[in-house]
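The structure appears below as structure tokens.
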Amino acid sequence: MSSYRIIGLFALLCGVTACERPIPPLAEGKEPAYDLTGYLQEQTARLQQEQPPVLKSVITKGQPTETAQMEEMDWEKELAIFQEVDLSRPACAIFIKRSAIPCPMAAR
């Protein structure tokens with residue numbers, strides 16, 4: 001019975017490690033398609049300083065919508081999920097369109 005456990009654990013370990021996607025390095029001399037990390041750091045600093053009020057809503061199936069107004073937020077924690085997205089990958093470059101038009105939200 002213990003040999004089945006060892007085989008099962010080995011299969012589980014192989015399955016988990018097989019799901020990892022290594023990030024391919026950028027080609028030499030190429031800049032990232034978009035500096036998401038830098039942008040998020042700028043926005044985090046700005047939002048931490050301003051602390052704008054935020055409405056958060058949660059919709060659960062079969063339940064009424066819950067809404068709460070947050071006066072103070074940990075913006076680093078709130079924007080952390082976006083840090084995990086790597087738009088610098090070459091595969092994502094086709095979805096990014098560079099524009100000379102400034103973003104009105106960035107000027108705040």
Side-chain angles (χ1 to χ4, degrees):
M1 185 70 163
S2 84
S3 64
Y4 289 120
R5 267 191 210 163
I6 293 172
I7 292 171
L9 288 174
F10 182 72
L12 180 64
L13 179 65
C14 288
V16 169
T17 57
C19 293
E20 291 183 26
R21 294 181 305 171
I23 299 172
L26 291 174
E28 276 190 48
K30 284 197 165 191
E31 65 180 52
Y34 188 77
D35 182 18
L36 182 62
T37 303
Y39 176 75
L40 287 174
Q41 288 173 347
E42 290 172 14
Q43 293 303 308
T44 299
R46 182 182 67 83
L47 291 167
Q48 285 290 83
Q49 182 179 12
E50 292 178 9
Q51 285 297 325
V54 174
L55 284 177
K56 283 189 162 190
S57 296
V58 177
I59 300 172
T60 307
K61 189 175 182 180
Q63 300 289 327
T65 302
E66 295 179 38
T67 302
Q69 182 165 346
M70 312 299 285
E71 297 298 327
E72 289 189 25
M73 305 220 11
D74 180 2
W75 287 102
E76 189 170 333
K77 181 180 174 185
E78 293 293 323
L79 299 176
I81 188 72
F82 299 104
Q83 290 275 3
E84 296 173 10
V85 176
D86 185 12
L87 294 178
S88 304
R89 294 184 321 204
C92 294
I94 61 171
F95 299 110
I96 298 171
K97 181 179 180 183
R98 291 187 181 254
S99 173
I101 301 170
C103 176
M105 296 301 291
R108 287 185 172 184

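The shown structure was predicted, so the numbers you read here are calculated from the model rather than taken from an experiment. Hydrogens, waters and symmetry mates are skipped; everything else that's a heavy atom, side chains included, is used.
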Taking only residues two or more places apart in sequence, or in another chain, which ones meet Glu78 in a side chain to side chain donor-acceptor pair (under 3.5 Å)?
Lys56
In residues 67-76, what donor-acceptor pairs under 3.5 Å come from side-chain atoms, sequence neighbours left out?
unit_1, atom_1, unit_2, atom_2, d
Thr67, OG1, Ser57, OG, 3.1
Gln69, NE2, Glu71, OE2, 3.1
Asp74, OD1, Glu76, N, 3.4

For Gln41, which residues count as a side chain to side chain donor-acceptor pair (under 3.5 Å) partner, sequence neighbours excluded?
none
Check the hydrophobic clustering (I, L, V, M, F, W, Y; side-chain heavy atoms under 4.5 Å; chains of links allowed) and say if Leu47 and Ile81 are grouped together.
yes
Kindly compute the distance separating CZ (Phe82) from OG1 (Thr44), expressed to the nearest 0.5 Å.
10.5 Å
Basic-acidic side-chain contact under 4.0 Å: Glu50, Arg46:
yes
Mind checking the CG-CG spacing from Leu79 to Leu40? Nearest 0.5 Å is all I need.
6.0 Å
